[in-house]
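Notes follow the structure.
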Amino acid sequence: MLYIAVLLLAISFIAYRRYYPVKRIQCMRELGRTIVDIRHYHEVHDSKGLVMPYAYLKRFYSEIPQGSVHVIAEDRVELNLGVRFLRKKDFQVRSYELAACKC
């Protein structure tokens with residue numbers, strides 16, 4: 001019974017990180033913020049900011065200037081994971097943009 005409880009707890013934690021929406025960010029583009037594009041390299045055609053896919057954030061997050069950040073992501077799962085990681089590293093993510101739908 002304990003194994004089932006631990007397994008359910010682990011599954012719920014993983015599902016929370018990936019699928020539960022991140023709070024206190026707005027879907028809009030604001031000027032004056034560092035733009036971090038966390039889409040894959042082959043999906044980015046005309047980014048005006050720093051292109052750093054989510055898979056490379058753990059290695060290269062120190063190249064992002066500290067302060068307010070605007071995140072561009074491909075979908076909601078990538079956005080949730082990227083924003084949670086950047087917030088954990090003390091970045092202030094204030095706005096986001098999804099590539100598939102413009103706000």
TODO: Over all heavy atoms of both residues, which pair between Ser95 and Arg33 is shortest? Give the atoms and the distance, please.
DONE: OG-CD, 4.0 Å
Please report, to 0.1 Å, the donor-acceptor pairs under 3.5 Å made by any side chain of residues 3-25, with sequence neighbours excluded.
unit_1	atom_1	unit_2	atom_2	d
Ser12	OG	Leu8	O	3.2
Ser12	OG	Leu9	O	2.8

Task: Pairs touching residues 64-94 that satisfy ring pair (Phe, Tyr, Trp, His ring centres under 6.0 Å), sequence neighbours left out - done: Tyr61-Phe85
TODO: Please answer: with hydrophobic residues joined when any side-chain heavy atoms are less than 4.5 Å apart, are Met52 and Tyr54 in the same cluster?
DONE: yes
TODO: Assign the ring pair His42 / His40 to parallel, tilted or perpendicular, where the plane angle (0 to 90°) is split at 30° and 60°.
DONE: parallel
Task: Closest contact, heavy atoms only, Arg76 versus Leu98 - done: CD-CD1, 3.9 Å
Open item on the list: Please give me the minimum heavy-atom distance between Thr34 and Ile64, naming the atom from each residue.
Closed with: CG2-CG2, 4.4 Å
Task: Beyond-backbone contact of Leu81 with Leu57, side-chain heavy atoms, under 4.5 angstrom - done: no
- [ ] Give, for atom CE of Met28 and atom OH of Tyr96, the distance between the pair rounded to the nearest 0.5 Å.
- [x] 11.5 Å
TODO: Answer yes or no: are there more than 12 heavy-atom neighbours, outside Tyr41 itself, under 6.0 Å from its atom OH?
DONE: yes
Task: Co-membership, hydrophobic cluster, residues Ile35 and Tyr56, 4.5 Å side-chain - done: no
Open item on the list: Test of understanding: clusters of I, L, V, M, F, W, Y form through side-chain heavy atoms closer than 4.5 Å, transitively. Do Val36 and Ile72 belong to the same one?
Closed with: no
